[in-house]
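Each residue takes its place number in the sequence, starting with 1.
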Amino acid sequence: MKHIYLFTFTCVLFSIFGYSQPLLKGNQMVGYIISADGTKSEVGLEIEDETLPWTFQHDVRYFDKSLLTGKRIKRELKTVAIPGEIVEYGFDDRRFKAVTYNLSSKEGDILQSTLESIKGEAIKGFFAEVIHEGPITLMKFYLPPNIEDDEDPDALKSYVSTVSKSYDILIQRGNLTAKPIQNINVNSYFEDCPFVLQKFKEKKYPFNPSSGLKKLLSKSELSGIKLENAAKKVLQDFDTKCNS
């Protein structure tokens with residue numbers, strides 16, 4: 001009899017807690033959003049395809065987490081997380097912040113890229129993943145593809161392989177606009193940290209950021225994990241030597 005009661009009790013607990021847990025598809029997660037007014041809300045999140053790294057940066061949608069039942073969620077019940085209107089979203093231990101990024105700096109000739117930058121036509125909103133936080137924040141950014149849905153699947157597969165290894169690292173100090181770490185002016189960015197400036201001057205870091213005309217004429221040799229590790233080393237020095 002005791003075993004019967006125990007079995008019944010276990011079944012009741014399973015029915016209560018089992019059905020209360022959200023049922024997630026591979027591209028769905030339970031997380032949060034922070035609106036531009038600072039309001040934080042727990043929501044269900046959905047991206048286009050979890051195997052494509054840049055899909056966490058745009059076309060992110062959110063909805064009432066009670067809809068996470070494993071069934072199809074109607075499109076009208078989901079809201080697009082527009083960078084700027086939504087300043088941050090996250091799930092598990094991952095956080096994504098809204099940034100603007102000049103895609104033209106990665107494509108086309110120098111003159112055309114410069115003109116588009118001046119006009120502001122190439123600035124678009126995205127989310128970038130936070131990989132270091134403090135007075136200075138580092139974020140990971142994948143360049144979105146210019147590949148149509150009806151392209152050869154091998155072209156997309158090749159692009160995924162390439163972009164997964166050659167992502168950018170954005171850096172943001174305080175409320176300044178985030179930008180690629182290769183293109184910052186280190187003298188102004190780290191003016192309060194002589195230790196870091198001296199190491200840049202002595203070329204003790206494996207990359208040398210440039211801005212202005214030098215930015216247009218130079219190309220960083222580092223990207224992906226190599227650039228990420230180099231950037232983290234700079235921030236480690238900053239946090240250790242200059243961040244009080």
Side-chain angles (χ1 to χ4, degrees), residues 29 31-43 45 53-54 56-58 60 81-102 105 123-143 164-212 215 220-244:
M29 58 286 295
Y32 69 88
I33 58 170
I34 299 179
S35 303
D37 63 2
T39 302
K40 184 175 183 178
S41 307
E42 292 187 4
V43 295
L45 295 165
W54 58 83
F56 289 94
Q57 298 176 174
H58 62 89
V60 179
I82 299 175
E85 293 182 9
I86 302 300
V87 297
E88 179 179 320
Y89 83 88
F91 58 95
D92 296 334
D93 59 349
R94 302 179 69 181
R95 295 177 53 231
F96 296 80
K97 292 182 63 176
V99 298
T100 55
Y101 194 92
N102 186 351
S105 66
I123 302 297
K124 296 183 179 180
F126 296 96
F127 292 101
E129 184 169 8
V130 176
I131 58 174
H132 176 95
E133 189 164 28
I136 299 179
T137 300
L138 293 179
M139 292 170 280
K140 186 184 296 188
F141 183 88
Y142 295 92
L143 189 66
S164 297
K165 301 173 185 176
S166 59
Y167 53 85
D168 270 355
I169 297 297
L170 307 186
I171 187 169
Q172 182 178 32
R173 181 155 191 168
N175 293 322
L176 296 176
T177 300
K179 61 176 61 178
I181 193 170
Q182 310 99 301
N183 301 143
I184 63 171
N185 184 323
V186 295
N187 291 316
S188 60
Y189 227 88
F190 295 101
E191 60 183 356
D192 58 346
C193 192
F195 182 85
V196 168
L197 289 180
Q198 186 63 29
K199 289 190 70 171
F200 270 120
K201 184 177 180 180
E202 297 173 357
K203 301 188 184 303
K204 291 185 176 180
Y205 296 121
F207 70 107
N208 292 289
S210 57
S211 58
K215 166 187 170 181
S220 173
E221 296 179 359
L222 293 184
S223 63
I225 189 63
K226 291 183 178 179
L227 181 60
E228 179 179 343
N229 289 337
K232 285 181 175 178
K233 176 58 180 173
V234 175
L235 268 294
Q236 181 183 355
D237 286 344
F238 175 79
D239 289 339
T240 302
K241 303 293 184 179
C242 304
N243 180 18
S244 57

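- With a 4.5 Å cut-off on side-chain heavy atoms, Leu170 and Pro180 count as touching.
- Taking the side chain to side chain contact (heavy atoms under 4.5 Å, CB included) definition, one finds that Ile225 meets it with Tyr167, Glu228, Asn229, sequence neighbours left out.
- Lys232 places none of its side-chain heavy atoms less than 4.5 Å from the side chain of Ile169.
- Ala98 approaches Ile86 most closely through the heavy-atom pair CB-O, 3.6 Å.
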Practice prompt. Take Leu197 and Asn187 through the side-chain contact (heavy atoms from CB on, under 4.5 Å) test and state the conclusion after the steps.
Written response: CA-CA 7 Å; Leu197 289 180; Asn187 291 316; 3.9 Å; yes
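- In this structure, the separation between CG on Asn183 and CD1 on Ile171 is 11.5 Å, given to the nearest 0.5 Å.
- For the pair Phe195/Thr240, no side-chain contact is recorded, criterion being any heavy-atom separation below 4.5 Å from C-beta on.
- Lys199 places a side-chain heavy atom less than 4.5 Å from the side chain of Lys233.
- Every residue two or more places apart in sequence or in another chain was checked for a salt bridge (Lys or Arg N to Asp or Glu O under 4.0 Å) with Lys201, and none qualifies.
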Discussion item. Quick one, Tyr189 with Val196, criterion side-chain contact (heavy atoms from CB on, under 4.5 Å). Give me CA distance, side-chain angles, the key distance, then yes/no.
Written reply: CA-CA 10 Å; Tyr189 227 88; Val196 168; over 6 Å; no
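- For the atom pair CD of Gln182 and CD1 of Ile184, the computed distance is 9.5 Å after rounding to the nearest 0.5 Å.
- Residues passing the ring pair (Phe, Tyr, Trp, His ring centres under 6.0 Å) test with Phe127 are Tyr89, sequence neighbours excluded.
- Take Asp37 and apply the side chain to side chain contact (heavy atoms under 4.5 Å, CB included) test, not counting sequence neighbours, and it matches Ser35, Thr39.
- Side-chain contact between Glu88 and Val130 is absent, with no heavy atoms from C-beta onward closer than 4.5 Å.
- For Gln198, the side-chain hydrogen bond (donor to acceptor under 3.5 Å, both in side chains) test picks out Glu202, with sequence neighbours left out.
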For residues 134-142, which side-chain donor-acceptor pairs fall under 3.5 Å, sequence neighbours excluded?
none

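- In this pair, Phe96 and Phe91 present their aromatic rings parallel. The plane angle is below 30°, not in the 30 to 60° band.
- Evaluation of the side chain to side chain contact (heavy atoms under 4.5 Å, CB included) rule for Asp192 yields Arg173, Phe238 as partners, not counting sequence neighbours.
- Looking at residues two or more places apart in sequence or on another chain, you find no salt bridge (Lys or Arg N to Asp or Glu O under 4.0 Å) involving Lys165.
- By the side-chain hydrogen bond (donor to acceptor under 3.5 Å, both in side chains) test, His58 is found to be paired with no residue, residues two or more places apart in sequence or in another chain being considered.
- Scanning both residues, Ala231 and Phe207, for their nearest heavy atoms gives N-CE2, 4.2 Å.
- The shortest side-chain heavy-atom distance between Leu45 and Ile33 falls under the 4.5 Å cut-off.
- With sequence neighbours excluded, the residues forming a side chain to side chain contact (heavy atoms under 4.5 Å, CB included) with Pro206 are Leu222, Ala230, listed by chain and number.
- Checked against salt bridge (Lys or Arg N to Asp or Glu O under 4.0 Å), Glu42 has the following partners two or more places apart in sequence or in another chain: Lys65.
- For Glu133, the salt bridge (Lys or Arg N to Asp or Glu O under 4.0 Å) test picks out Arg95, with sequence neighbours left out.
- The shortest side-chain heavy-atom distance between Asn208 and Lys203 falls under the 4.5 Å cut-off.
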